[in-house]
Participant: 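Encoded as structure tokens, here's the structure I'll be asking about.
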Amino acid sequence: MSVRVRFAPSPTGYLHIGGARTALFNWLYARRTGGKFVLRIEDTDTARNTQEAMDAIIGGLHWLGLDWDEGPVTGDATGASRGDRGPYFQSQRKADYEQRVEALLFRDLAYEHEGAIKFRMTREPVKIPDLICGDVVRELTDREAEDPDFVIVRSDGQPVFHLVNVVDDLDMGITHVIRGEDHLSNTSKHIALFNAFGVEPPKFAHIPLILTQDGKKMSKRFEGSSIQYYQENGYAPEAVTNYISLLGWTHPEQKDVFLAKEIAEIFDLPQIHRANAKFDHDKLKWLNFEHIKSMGDDRYYELSTHALSDSGVDTKSHPIDYVKAALDTVREKIKTFTEVPNFSAFYFHDVSEYDEKAMGKSFIPENVEPIEKLKSALQSLSSFDPLAIESVLKSTASELGMKPGKLIHPTRLACTGSTVGPSLYHLMEVLGREKVIARLSAAQERMKKE
RNA sequence: GACCCUAUCGUCUAGUGGUUAGGACACCGCCCUUUCACGGCGGGAACCGGGGUUCGAAUCCCCGUAGGGUCGCCA
């Protein structure tokens with residue numbers, strides 16, 4: 001029997017980082033086994049569902065590159081979908097649930113209680129075979145011992161999570177339920193329901209949770225709990241999937257940097273670590289840096305220009321080769337794409353503002369003359385390349401009897417407006433002689449005013 | 001309160017009865033570099049506690065302790 005797994009988010013918030021990891025593990029398992037990955041939307045709580053959340057989930061999954069074989073195409077519950085086991089929105093499956101409940105009622109496995117319908121839960125301990133946790137025997141808690149039965153249909157007629165989750169998994173032929181460990185205790189209810197329907201439950205695999213650095217549950221308010229945070233803060237999706245896969249799973253060769261599609265060939269469930277993991281932002285950032293270094297040129301240019309345009313820098317009006325050359329000089333300097341504008345915006349517009357502190361040190365009247373000398377030396381250069389620029393900078397300084405740094409710092413500030421940035425000689429080459437001379441001249445005017 | 005899961009450096013983890021307890025991130029030091037980074041080399045840093053089992057436990061068992069989860073007409 002071929003594997004069918006599903007990711008079943010509820011559109012009541014955003015795509016949580018933990019949910020993203022659950023989706024990733026499901027996706028990996030489907031890809032590894034050649035099975036199907038189903039996306040199902042658990043929107044039974046109409047009061048709490050929002051279209052915004054729906055779009056964030058679909059968008060987030062797309063962004064992460066976790067494509068689904070069956071499920072909605074868009075966030076519209078009545079819109080198009082892929083697959084022949086739909087509808088994939090629970091809000092569209094009411095008739096199925098009603099039928100199932102009727103059957104339960106008919107066989108006295110459920111009963112009406114104050115307008116709601118409750119399921120007759122077994123009083124016996126339930127064995128939960130789990131691919132990650134092993135066999136878990138779940139006994140009744142003290143409260144459950146008083147009344148183990150639980151509501152499966154609200155008094156307003158709306159079916160409840162436990163019921164719809166089981167019915168859908170059953171109807172959709174789900175073979176493996178891979179979900180967060182927060183569902184482990186509830187699984188006894190689900191198994192009892194599967195038994196009541198006379199079918200064998202799917203295999204279960206409960207994965208540990210992701211906690212904050214101080215070991216607390218990641219609430220919606222925690223910065224970074226939503227995938228959107230990473231989309232907006234300069235992270236490459238491949239770094240994010242790489243990082244979250246490392247929370248609870250280890251590459252057999254102990255590798256740290258890899259692509260999700262690489263793990264898709266070796267991933268398996270029993271290897272998953274059983275303890276919760278704390279989220280380490282530093283390691284994610286490092287992985288992002290690694291992926292920026294190793295991604296293809298075009299992808300790097302694309303993500304960088306996006307970051308630039310997001311911050312209001314227009315690259316479109318510049319020749320493509322100029323843009324690429326400029327971006328090449330910042331590639332190994334950035335850890336996130338949001339840093340790209342800081343390091344490269346000066347390439348795309350004139351410098352009119354300078355670092356205040358540095359200006360006090362570099363833009364002084366005494367520097368007007370040295371910069372003048374440098375300009376003429378630069379003018380006479382036959383080739384405006386990094387090596388030639390470097391040697392001119394140093395020889396000019398030495399002729400003037402000043403330390404190279406005394407000339408280099410004002411030059412950098414003049415060219416970029418900042419004290420940090422790409423390699424000075426390379427940046428000057430990319431900028432081109434004309435712009436460099438112009439910016440040097442503009443800086444001289446500032447120096448006279450000081 | 002009850003039930004369930006878990007427990008190796010600060011963090012993610014390797015380890016499945018015999019290892020100088022390994023790696024990565026982070027941190028510290030040195031080198032490289034007249035920007036900021038990168039990089040190179042080196043360093044500190046862990047088996048929660050107590051009982052067993054065994055010739056021998058990080059590894060197996062029990063009891064504590066701690067953390068997390070669940071016990072909804074939320075999902």
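Here is how names work: the chains are called A, B, and so on, in the same order as the sequence lines, proteins then strands, and each is numbered from 1.
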Participant: Which whole number of Å gives the distance between the P atom of B:U16 and that of B:U59?
Facilitator: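 The same atom, P, in both gives a distance of 13 Å.
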Participant: Scan A:Lys118 against the nucleic acid and name what it touches under 4.0 Å (heavy atoms): base, sugar-phosphate only, or nothing.
Facilitator: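 No contact.
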Participant: Rounded to whole Å, how long is the line connecting atom CG of A:Asn242 with atom C1' of B:C12?
Facilitator: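 Rounding to the nearest Å, CG of A:Asn242 and C1' of B:C12 are 12 Å apart.
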Participant: If we take the C1' atom in both B:U19 and B:A58, what is their distance in whole Å?
Facilitator: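 Nearest-Å result for B:U19 against B:A58 at atom C1': 11 Å.
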Participant: Please determine, by modelled atom types, if A:Asp280 and A:Tyr243 share a side-chain donor-acceptor pair under 3.5 angstrom.
Facilitator: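 Short answer, no.
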Participant: Pick base, sugar-phosphate or nothing for A:Arg412, based on heavy-atom distances below 4.0 Å to the nucleic acid.
Facilitator: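 Base, at least one base heavy atom under 4.0 Å.
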Participant: Which base sits across from B:A37 as a Watson-Crick or G-U pair, both distances under 3.5 Å?
Facilitator: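 The base-pairing partner of B:A37, which may sit in any strand shown, does not exist here.
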Participant: Quick one: is A:Thr44 getting a side-chain N or O under 4.0 Å of the B:A75 phosphate, OP1 or OP2?
Facilitator: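 Yes, such a contact exists.
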Participant: Between B:C38, B:C71, B:U35, spot the one nearest the side chain of A:Glu332, thanks.
Facilitator: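 Side chain of A:Glu332 sits closest to B:C38.
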Participant: What's the shortest heavy-atom distance between A:Pro202 and A:Ile174, and which atoms?
Facilitator: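 Here A:Pro202 and A:Ile174 meet closest at CB-O, 3.4 Å.
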Participant: Would A:Thr329 and A:Tyr347 count as having a side-chain donor-acceptor pair, cut-off 3.5 Å?
Facilitator: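 The criterion, which ignores hydrogens and geometry beyond distance, is satisfied for A:Tyr347 and A:Thr329.
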Participant: In whole angstroms, how far is the P atom of B:A24 from the OH atom of A:Tyr243?
Facilitator: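 Whole-Å distance recorded here is 17 Å.
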Participant: Verify whether the ring centers belonging to A:His190 and A:His162 lie closer than 6.0 Å.
Facilitator: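 Yes, the ring of A:His190 comes within the 6.0 Å limit of the ring of A:His162, centre to centre.
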Participant: Just checking A:Pro208: base, sugar-phosphate only, or nothing, at a heavy-atom cut-off of under 4.0 Å?
Facilitator: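 The residue A:Pro208 makes no contact with any strand.
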Participant: Give one of base, sugar-phosphate or nothing for A:Ser423, where a contact means two heavy atoms less than 4.0 Å apart.
Facilitator: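 A:Ser423: base contact, heavy atoms under 4.0 Å.
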Participant: May I ask you to say what A:Gln158 touches in the nucleic acid, namely base, sugar-phosphate or nothing, with a heavy-atom cut-off under 4.0 Å?
Facilitator: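 Result for A:Gln158 = nothing.
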Participant: What is the distance, to the nearest angstrom, from the CG atom on A:Asp282 to the P atom on B:C28?
Facilitator: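 Rounded to the whole Å, the gap is 12 Å.
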Participant: Which comes earlier along RNA chain B counting from the 5' end, the contact point of A:Thr419 or that of A:Phe279, where each point is its nearest nucleotide?
Facilitator: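 Residue closer to the 5' terminus by nearest nucleotide: A:Phe279.
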Participant: Classify A:Lys406 by what it touches in the nucleic acid, base, sugar-phosphate, or nothing, heavy-atom distance under 4.0 Å.
Facilitator: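 The residue A:Lys406 makes no contact with any strand.
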Participant: May I have the distance from A:Leu287 (atom CG) to B:A26 (atom C1'), rounded to whole angstrom?
Facilitator: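 Rounding to the nearest Å, CG of A:Leu287 and C1' of B:A26 are 13 Å apart.
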Participant: Base, sugar-phosphate, or nothing for A:Gln254, non-hydrogen atoms under 4.0 angstrom?
Facilitator: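 The residue A:Gln254 makes base contact.
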Participant: Counting Watson-Crick and G-U wobble pairs only, both distances under 3.5 Å, name the nucleotide matched with B:U59, or none.
Facilitator: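 Check on B:U59: unpaired, no WC or wobble geometry under 3.5 Å.
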Participant: Taking atom P in both B:U11 and B:A26, compute the distance separating them and give it to the nearest angstrom.
Facilitator: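 About 16 Å, rounded to a whole number of Å.
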Participant: For a quick check, tell me whether the side chain of A:Ser155 and the base of B:C73 share a donor-acceptor pair closer than 3.5 Å.
Facilitator: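 For A:Ser155, whose side chain was compared with the base of B:C73, there is a donor-acceptor pair (under 3.5 Å).
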Participant: From NE2 of A:His426 over to P of B:U35, roughly how many Å is that when rounded to an integer?
Facilitator: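 Going from NE2 in A:His426 over to P in B:U35 covers 14 Å.
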Participant: Using atom C1' of each nucleotide, how far apart are B:G51 and B:C41 to the nearest Å?
Facilitator: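 My reading of the C1' atoms in B:G51 and B:C41 gives 46 Å.
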Participant: Tell me which of A:Val136 and A:Lys333 sits closer to the 5' end of RNA chain B, going by the nucleotide each one is nearest to.
Facilitator: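 Its nucleotide being nearer the 5' end, the pick is A:Val136.
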Participant: With heavy atoms under 4.0 Å as the rule, sort A:Gly248 into base, sugar-phosphate or nothing.
Facilitator: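 Sugar-phosphate, backbone atoms only, no base.
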Participant: Could you tell me whether A:Gly215 contacts a base, only the sugar-phosphate backbone, or nothing, with contacts defined as non-hydrogen atoms closer than 4.0 Å?
Facilitator: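 Sugar-phosphate contact only - A:Gly215 comes under 4.0 Å of backbone atoms but never of a base.
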Participant: Do A:Asp130 and A:Lys203 sit within salt-bridge range, that is, some charged N less than 4.0 Å from a carboxylate O?
Facilitator: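 No, this pair does not count.
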Participant: Could you state the atom-to-atom distance from NE2 of A:His409 to C1' of B:C36 in whole Å?
Facilitator: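 So the NE2-C1' distance, A:His409 to B:C36, works out to 11 Å.
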Participant: Any ion pair linking A:Asp282 and A:Lys285 (charged N to carboxylate O, less than 4.0 Å)?
Facilitator: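 Here A:Lys285 does not pair with A:Asp282 in a salt bridge, since their nearest N and O are not under 4.0 Å apart.
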Participant: Tell me whether A:Lys283 is salt-bridged to A:Asp256, with the criterion being a basic N under 4.0 Å from an acidic carboxylate O.
Facilitator: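 Answer for the salt bridge query: yes.
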Participant: With the 90 degree cut-off around zero defining syn, does B:C38 come out syn or anti?
Facilitator: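 B:C38: syn glycosidic orientation.
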Participant: Tell which nucleotide pairs with B:A24, taking only Watson-Crick or G-U wobble pairs whose two distances are both under 3.5 angstrom.
Facilitator: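 B:A24 is paired, partner B:U11.
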Participant: Find the distance A:His183:NE2 to B:C74:P and express it as a whole number of Å.
Facilitator: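 Rounded to whole Å, this separation is 15 Å.
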Participant: Could you measure between the two P atoms, the one in B:C3 and the one in B:U20, and give it in whole Å?
Facilitator: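 B:C3 and B:U20 have their P atoms separated by 43 Å.
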Participant: Where the side chain of A:Leu211 is concerned, which of B:G68, B:U35, B:C12 is the nearest nucleotide?
Facilitator: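 Looking only at heavy atoms from C-beta outward on A:Leu211, the closest nucleotide is B:G68.
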Participant: May I ask you to say what A:Ser185 touches in the nucleic acid, namely base, sugar-phosphate or nothing, with a heavy-atom cut-off under 4.0 Å?
Facilitator: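 Contact class for A:Ser185: base.
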Participant: Using the C1' atom as the point on both nucleotides, what is the distance between B:G69 and B:C9, in whole Å?
Facilitator: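 26 Å, rounded to whole Å.
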Participant: May I ask which nucleotide in the shown strands pairs with B:A45, Watson-Crick or G-U wobble, both distances under 3.5 Å?
Facilitator: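 Base partner found: none.
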Participant: Choose from B:C25, B:C12, B:A14 the nucleotide whose nearest atom is closest to any side-chain atom of A:Thr250.
Facilitator: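 Closest nucleotide to the A:Thr250 side chain: B:A14.
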Participant: Answer with yes or no whether A:Asn186 presents, from its side chain, a donor or acceptor under 3.5 Å of a partner atom in the base of B:A75.
Facilitator: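 By the distance-only test, yes, there is a pair.
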Participant: Taking only the C1' atom of each, what is the distance from B:A57 to B:C62 in whole angstrom?
Facilitator: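 About 15 Å, rounded to a whole number of Å.
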Participant: Students often get this wrong, so: under 4.0 angstrom with heavy atoms, is A:Val137 touching a base, only sugar-phosphate, or nothing?
Facilitator: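 The answer is sugar-phosphate, as A:Val137 gets under 4.0 Å only of primed atoms, P, OP1 or OP2.
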Participant: Between P on B:U35 and CE on A:Met428, what's the gap in Å once rounded to a whole number?
Facilitator: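 From A:Met428 CE to B:U35 P: 15 Å.
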Participant: If you check every side-chain atom of A:Lys283, which of B:U13, B:C12, B:C71 has the closest atom?
Facilitator: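 Between B:U13, B:C12, B:C71, the one nearest the side chain of A:Lys283 would be B:C12.
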Participant: If we only count heavy atoms from C-beta on, is the A:Ile266 to A:Pro252 side-chain gap below 4.5 Å?
Facilitator: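 They are in contact (side-chain heavy atoms under 4.5 Å apart), so the answer is yes.
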Participant: Should A:His273 be listed as having a side-chain N or O under 4.0 Å from OP1 or OP2 of B:A14?
Facilitator: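 Answer is yes, contact under 4.0 Å.
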Participant: For A:Glu262, is there an ion pair with A:Lys255 - N to carboxylate O distance below 4.0 angstrom?
Facilitator: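 Looking at A:Glu262 together with A:Lys255, the answer is yes, because their closest N to O distance falls below 4.0 Å.
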Participant: Please indicate whether A:Tyr14 has more than 12 foreign heavy atoms, meaning atoms of other residues, nucleotides or ligands, lying under 6.0 Å from its OH.
Facilitator: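 Atom OH in A:Tyr14 is not packed in, count stays at 12 or less.
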Participant: Taking any strand in view, what nucleotide pairs with B:A2 in a Watson-Crick or G-U wobble way, both distances under 3.5 Å?
Facilitator: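 B:U70 - that is the nucleotide pairing with B:A2, both distances being under 3.5 Å.
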Participant: Using the P atom as the point on both nucleotides, what is the distance between B:C12 and B:C4, in whole Å?
Facilitator: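 Roughly 25 Å separates the two P atoms.
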Participant: Check whether any side-chain nitrogen or oxygen of A:Lys217 sits under 4.0 Å from OP1 or OP2 of B:G68, and answer yes or no.
Facilitator: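 A:Lys217 to B:G68 OP1/OP2: no side-chain N or O under 4.0 Å.
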Participant: Quick one: label A:Ala277 by what it contacts on the DNA or RNA (base, sugar-phosphate, nothing), any heavy atom closer than 4.0 Å.
Facilitator: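 Answer is sugar-phosphate: A:Ala277 comes under 4.0 Å of backbone atoms only.
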Participant: Where the side chain of A:Lys335 is defined as all heavy atoms beyond and including C-beta, which of B:C38, B:U70, B:G68 is the nearest nucleotide?
Facilitator: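 From the listed options, B:C38 comes nearest.
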Participant: So what does A:Lys255 hit on the nucleic acid, given a heavy-atom distance under 4.0 Å: a base, only sugar-phosphate, or nothing?
Facilitator: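 No contact at all - A:Lys255 keeps every heavy atom at 4.0 Å or more from the nucleic acid.
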Participant: Check every atom of B:U35, B:U70, B:C5 against the side chain of A:Arg138 and return the nucleotide holding the closest atom.
Facilitator: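 Out of B:U35, B:U70, B:C5, the nucleotide with an atom closest to A:Arg138's side chain is B:U70.
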